[in-house]
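In what follows, every heavy atom counts, from backbone to side chain, and hydrogens, waters and symmetry copies are set aside. Chain letters run A, B, ... following the sequence lines, proteins first and then strands; every chain starts at 1.
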Amino acid sequence: MSDPFYITTPIYYVNDVPHIGHAYTTVAADAAARYRRMMGSAVFFLTGTDEHGQKVEKSAAQQGVSPKALADRVVTRFQKLWKVLNISHDDFIRTTEARHQEAVQTLWRTVAAKGDIYLGEYEDWYCTPCETFLTALQLQEGKCPDCGREPEQLKEESYFFRMSRYEERLLAHLEAHPEFIQPESRRNEIIQFVRGGLKDLSISRTTFSWGIPVPGNDRHVIYVWFDALTNYLSALGYPDRTEHFGTFWPADVHVIGKDILRFHTVYWPTFLMAADLPLPRQVFSHGWWTVDGEKMSKSKGNVVDPGEMVQRYGADPFRYFLLREVPFGLDGDFSEKAMVGRFNADLANDLGNLFSRVTTMLGKYCDGTVPRTDTSGQLSAQVERAVQRVDEEMARLAFHKALQEIWALINGINRHVDQTAPWALARQASRRTELDRVMAELMEALRVVTLLISPFMPQTAAEAASVLGLEAGWSTRAGLQWGTSLASAKIAKAKPLFPRIEADERPRPAPKQPNAAGAKQVAQINLQEFQRLDLRTGVIREAEAVAKSERLLKLRVDLGEAGRRQVVAGIAAVYRPSDLIGKSVVVLCNLKPAKLMGIESQGMVLAVEGDDGLSLLGLDRPVPPGRKIH
RNA sequence: GGCGGUGUAGCUCAGUCGGUCAGAGCAUACGGCUCAUAUCCGUAGAGUCGCUGGUUCGAGUCCAGCCACCGCCA
């Protein structure tokens, strides 16, 4: 396949809880990747997680697990979200993988061999009461910006990258390639910044150890950006000049949020220059989302959970909203009111209803069979124009414009229905030919619309394709051409693709979200009923993985006087067997035994679903095994 | 403080080289149709184009100053 297209999202910090911003970047990159695949490009779409650093190390220590175990557990938050959002990435890179570590160390050695890495001293400040590290820039009149107290100065040995050496080359590149940074306003900011002069960059730390060791000096770990940015190379198989690497590097576009613009447009290109590697063709920085007009923040509690939005509105409507509501590159505002507005006006009324009315008429007037007739005419010209314009907008990653064009077409098709009034034609037998032609044209228009929306709303497009009886492989560049490929197809009336959301039923209940109201609806029980549960404390003595199961662990639990029992638990995604030995847990002992994967389980270990996976119920003071819980 | 951006109908915003550019979508009102998810199609609003000057035969569209908000840097 020719015409390679390599697109990336940033790697997300694994310890973060995914929010609308993560979803936005990833959905946008996904739509671009899907579009290019439809157009016949060989696409490589990469996302992943950044798993090193002090924060992960600290969280892991607090939870008493290894940093890697913590990362293994929380990485699933991203992986699960991408699944429900139908993200079509070709690879998922984690910075803790061996392939990445090798790539980073090789890059380091290459740059060092060039004489661009030297050992120096890095100064920063530490505010002991706040337990935070501060840079000289963050200080306010020499004081901690948070508490106003005097921080302590720390000096630390550090390796530096000679970024200053690349100032002129970078500036020349920025000026010669106006498309390198998009949107343009961001490009201007970076040019200003680079003109202000580039300093050498500290790229190692000795104050924590959770990272990739500096080659030849194990006391240092490679600091965040030198490690993280390299993911774009390591996923392609760098340093081995594999076919993949040869095909896809340099990247066509790094899609990022504006918070990490400088790292991608100053640090990254200079690293690559030092390694004599070609620079990515474009870095596209999109905007931030506010929520109901306010900045998102944990303290305000207004952080939008993408998973919840998907549950409430569906993956496709949420994807559609993100890409349609705001020009890509500018800030935008999310509100459920706007979400519902888009859903009803654009998806239910315009698109969904169009499918509904046209397929109904086909059933009524043509017996559900697409007439075989000439379809060249007004509509074909409109469709061809729309396909052309969508292509132009997608080339610029102007998703909202592309969607505007698609909806202009949908409106045009709705207008065509009114103007040709098939229901009037159907009353006059003499106009049969005319009616057949109109219906065939309308169906063909629906087919092309299905292809056009598929990068944005893959599930809906698949559903529509099945209504139209399209065969596998329908989503191709050739398919975008107006033709007669539906002729003689037998088609049933479409079910509403997007049932309207009525004002009073909004927001729809989120079925799996536990909340106070949900808890109250559970029937009450009396004490006797509770006492039927034989809940006891237990201590895990043995634990091993169950062959061929990703979820199950076989445990041997000590129940004191009641002896030991074998219990199979679905906790392997979160707990390693070795972490469990000696752990106190709560066991339901009189659960009817059951066989899981052929292994008998004589009870149940209690656990609860947290935001980042299961958590076993424990005791907050030591209690001997076998005690009854009441 | 330095550099840059934005300020156009109730809301969100288009307006490329100065002269049908005073516009689109949503919302609202009225009309039409009945195939359709009470959906669709059509029509309407009069908004000092932030303020004040200036250039020009003519300025949202260029220039200067001011006000407000935002971004990057310090």
Side-chain angles (χ1 to χ4, degrees), chain A residues 135-141 174 181 183-199 257-263 265-266 285-290 292-293 295 317 321 324-335 337-366 368 393 398 400-401 403-408 410-427 435 438-439 442-443 446 460 463-464 467 491 493-503 505:
Chain A
T135 64
L137 293 180
Q138 288 172 298
L139 296 185
Q140 289 183 350
E141 294 168 6
L174 293 176
I181 302 176
E184 203 180 325
S185 56
R186 299 293 160 197
R187 172 174 180 253
N188 295 336
E189 283 175 12
I190 293 298
I191 288 179
Q192 271 324 107
F193 175 80
V194 177
R195 281 198 182 130
L198 292 186
K199 291 191 198 106
K258 61 185 183 179
D259 52 324
I260 51 176
L261 180 67
R262 199 197 304 164
F263 311 119
T265 56
V266 180
S285 152
H286 68 241
W288 281 126
W289 286 92
T290 53
D292 294 321
K295 249 186 171 166
F321 180 89
R324 172 63 184 79
E325 183 72 1
V326 173
F328 198 57
L330 300 185
D331 290 351
D333 184 56
F334 181 88
S335 70
K337 191 174 168 220
M339 174 77 227
V340 172
R342 287 279 172 207
F343 187 102
N344 283 342
D346 299 357
L347 300 181
N349 296 352
D350 293 345
L351 173 62
N353 182 57
L354 175 64
F355 264 80
S356 178
R357 68 194 303 212
V358 172
T359 51
T360 300
M361 287 191 287
L362 190 80
K364 284 189 179 173
Y365 310 144
C366 305
E393 301 301 352
H400 77 294
K401 291 262 196 177
L403 286 167
Q404 269 175 31
E405 293 294 346
I406 297 170
W407 256 257
I410 289 168
N411 294 337
I413 301 169
N414 268 320
R415 202 175 308 124
H416 192 77
V417 172
D418 282 36
Q419 283 165 354
T420 54
W423 51 91
L425 298 178
R427 287 188 212 113
L435 175 62
V438 166
M439 290 313 302
L442 288 172
M443 291 304 295
L446 290 192
T460 304
E463 205 176 315
V467 166
I491 283 155
K493 175 178 166 35
K495 267 183 261 144
L497 294 173
F498 303 101
R500 278 182 64 90
I501 300 174
E502 300 308 332
E505 75 181 61

> State the pairing partner of B:rC69; accept Watson-Crick or G-U wobble contacts with both distances under 3.5 Å, and report none otherwise.
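When the pairing criteria are applied, B:rG5 turns out to be the nucleotide that pairs with B:rC69.
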> How close or far is atom P of B:rC73 from atom CZ of A:R186, stated in whole angstroms?
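Distance check: A:R186 CZ to B:rC73 P gives 10 Å.
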> Any strand is fair game: report the nucleotide pairing with B:rU55 by Watson-Crick or G-U wobble, both distances under 3.5 Å, or none.
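None - no nucleotide pairs with B:rU55, as no candidate has both distances under 3.5 Å.
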> Mind checking the C1' distance from B:rA46 to B:rA29? Whole angstroms is fine.
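Per the computed distance, 15 Å lies between those C1' atoms.
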> Would you indicate which nucleotide in B:rC35, B:rC41, B:rC40 comes nearest to any side-chain atom of A:N353?
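Selected nucleotide: B:rC40.
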> As a test of reading the structure: which of B:rG71, B:rC41, B:rC73 is closest to the side chain of A:E189, going by heavy atoms?
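Looking only at heavy atoms from C-beta outward on A:E189, the closest nucleotide is B:rG71.
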> Using atom P in both nucleotides, what's the gap between B:rG2 and B:rC66 to the nearest angstrom?
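So the two P atoms sit 11 Å from each other.
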> What is the base-pairing partner of B:rA24, counting Watson-Crick and G-U wobble geometry with both distances under 3.5 Å?
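Checking every strand shown, B:rA24 finds its partner in B:rU12, with both distances under 3.5 Å.
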> In Watson-Crick or G-U wobble terms, both distances under 3.5 Å, what is the partner of B:rU39?
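No nucleotide pairs with B:rU39.
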> To the nearest Å, how far apart are A:N414 CG and B:rA36 C1'?
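The answer, rounded to whole Å, is 9 Å.
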> Which value, in whole Å, describes the distance between the P atoms of nucleotides B:rA59 and B:rC33?
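Here B:rA59 and B:rC33 have their P atoms 47 Å from each other.
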> Do A:K258 and A:S285 have a side chain donor and acceptor closer than 3.5 Å?
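No - no donor-acceptor pair under 3.5 Å links their side chains.
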> Roughly how far apart are A:E325 CD and A:F334 CZ, rounded to 0.5 Å?
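If we round to the nearest 0.5 Å, A:E325:CD and A:F334:CZ are 9.5 Å apart.
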> Need one value for A:N349: base, sugar-phosphate or nothing, where a base atom within 4.0 Å counts as base even if backbone is also close, heavy atoms only.
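A:N349: backbone/sugar contact only, no base atoms under 4.0 Å.
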> Any side-chain N or O of A:K493 under 4.0 Å from OP1/OP2 of B:rU37?
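It does, given that an N or O in the side chain of A:K493 lies less than 4.0 Å from OP1 or OP2 of B:rU37.
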> To the nearest angstrom, how far is A:D331 atom CG from B:rU6 atom C1'?
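After rounding, the reported distance stands at 12 Å.
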> To the nearest 0.5 Å, what is the distance between CG (A:D292) and NZ (A:K337)?
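A:D292 atom CG to A:K337 atom NZ measures 10.0 Å (nearest 0.5 Å).
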> A:R415 CZ to B:rC35 P: how many Å, rounded?
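In whole Å, B:rC35 P lies 21 Å from A:R415 CZ.
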> In whole Å, I'd like the distance from the CG atom of A:D418 to the C1' atom of B:rG32.
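It is 9 Å, rounded to the nearest whole Å.
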> Would you give the length of the straight line joining atom CZ of A:R262 to atom CZ of A:F193, rounded to the nearest 0.5 angstrom?
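Reported to 0.5 Å precision, the distance equals 4.0 Å.
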> Do A:V194 and A:T265 have side-chain heavy atoms sitting under 4.5 Å apart?
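They are not in contact (no side-chain heavy atoms under 4.5 Å apart), so the answer is no.
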> Could you check whether A:K364 gets within reach of a base, just the sugar-phosphate, or nothing at all, counting any heavy atom under 4.0 Å?
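Answer is sugar-phosphate: A:K364 comes under 4.0 Å of backbone atoms only.
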> Which one, B:rC40, B:rU39, B:rC41, comes nearest to the side chain of A:D350?
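Selected nucleotide: B:rC40.
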> Considering every strand shown, what is the Watson-Crick or G-U wobble mate of B:rG47 when both distances are under 3.5 Å?
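Result: none.
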> Determine the Euclidean distance between corresponding P atoms of B:rC70 and B:rG54; express it in Å to zero decimal places.
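The answer is 32 Å between these two P atoms.
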> What integer distance in Å separates A:F321:CZ from B:rC26:P?
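It works out to 15 Å between those atoms.
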> Tell me what A:G196 touches on the nucleic acid: a base, only sugar-phosphate, or nothing, going by heavy atoms under 4.0 Å.
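A:G196: no heavy atom of the nucleic acid under 4.0 Å.
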> Which value, rounded to the nearest 0.5 Å, describes the distance between A:L362 atom CG and A:K493 atom NZ?
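A:L362 atom CG to A:K493 atom NZ measures 11.5 Å (nearest 0.5 Å).
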> Mind checking if A:R427 touches a base, just sugar-phosphate, or nothing, with heavy atoms under 4.0 Å?
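Counting heavy atoms under 4.0 Å across all strands, the contact made by A:R427 is with sugar-phosphate only.
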> Under a 3.5 Å cut-off for both contacts, is B:rA74 paired Watson-Crick or G-U wobble with anything, and if yes, with which nucleotide?
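Matched B:rA74 with nothing under the 3.5 Å cut-off.
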> Taking the side chain as every heavy atom from C-beta outward, state whether A:M339 and A:P317 have any pair of such atoms under 4.5 Å apart.
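Yes, side chains in contact.
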> Nearest whole Å is fine: how far is B:rA36 C1' from A:M361 CE?
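Taking atom C1' of B:rA36 as the reference, CE of A:M361 is at 7 Å.
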> What's A:S185 touching, base or sugar-phosphate or nothing? Going by heavy atoms closer than 4.0 Å.
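Nothing: the residue A:S185, judged by heavy atoms under 4.0 Å, touches no strand.
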> Need to verify one output field. Residue with the more 5' nearest nucleotide on RNA chain B, A:P496 or A:G412?
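Whichever sits nearer the 5' end wins; that is A:P496.
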> What nucleic acid atoms does A:K401 come within less than 4.0 Å of, heavy atoms only: base, sugar-phosphate, or nothing?
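No contact.
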> Is B:rG60 syn or anti, taking syn as a glycosidic angle within 90° of 0?
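Syn conformation for B:rG60.
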> If we call it a pair only when both distances are under 3.5 Å in a Watson-Crick or G-U wobble match, what pairs with B:rC17?
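With both distances under 3.5 Å required, B:rC17 matches none.
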> Rounding to an integer number of angstrom, what distance separates B:rC40 and B:rG25 when you compare their P atoms?
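These two P atoms come out 13 Å apart once rounded.
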> When all nucleic acid strands are considered with a 4.0 Å heavy-atom cut-off, which category describes A:L497: base, sugar-phosphate, or nothing?
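Base contact.
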> How close do A:D346 and A:D350 get, heavy atom to heavy atom, and via which atoms?
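For A:D346 versus A:D350, the nearest heavy atoms are O-CB, 3.3 Å.
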> Quickly work out the A:R357 CZ to B:rC41 C1' distance and round it to whole Å.
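Roughly 8 Å, once rounded to whole Å.
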> Can you tell me how far P in B:rG60 sits from the matching atom in B:rU8, rounded to whole Å?
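Straight-line distance between the two P atoms is 15 Å.
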> Pairing check on B:rU61: which nucleotide meets the Watson-Crick or G-U wobble criteria with it, both distances under 3.5 Å?
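Pairing partner: none.
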> Let me know, please, whether A:I190 or A:A348 comes out on the 5' side of the other along RNA chain B by nearest nucleotide.
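Upstream on the strand: A:A348.
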> Measuring only the P atom in each nucleotide, how far is B:rG47 from B:rG10? A whole number of Å is fine.
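Roughly 8 Å separates the two P atoms.
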> Taking the same atom, C1', in B:rA27 and in B:rC13, what whole-Å distance lies between them?
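Their C1' atoms lie roughly 14 Å apart.
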> Which part of the nucleic acid, if any, lies within contact of A:F355, taking any heavy atom under 4.0 Å across all strands shown: a base, the sugar-phosphate backbone alone, or nothing?
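The residue A:F355 makes no contact with any strand.
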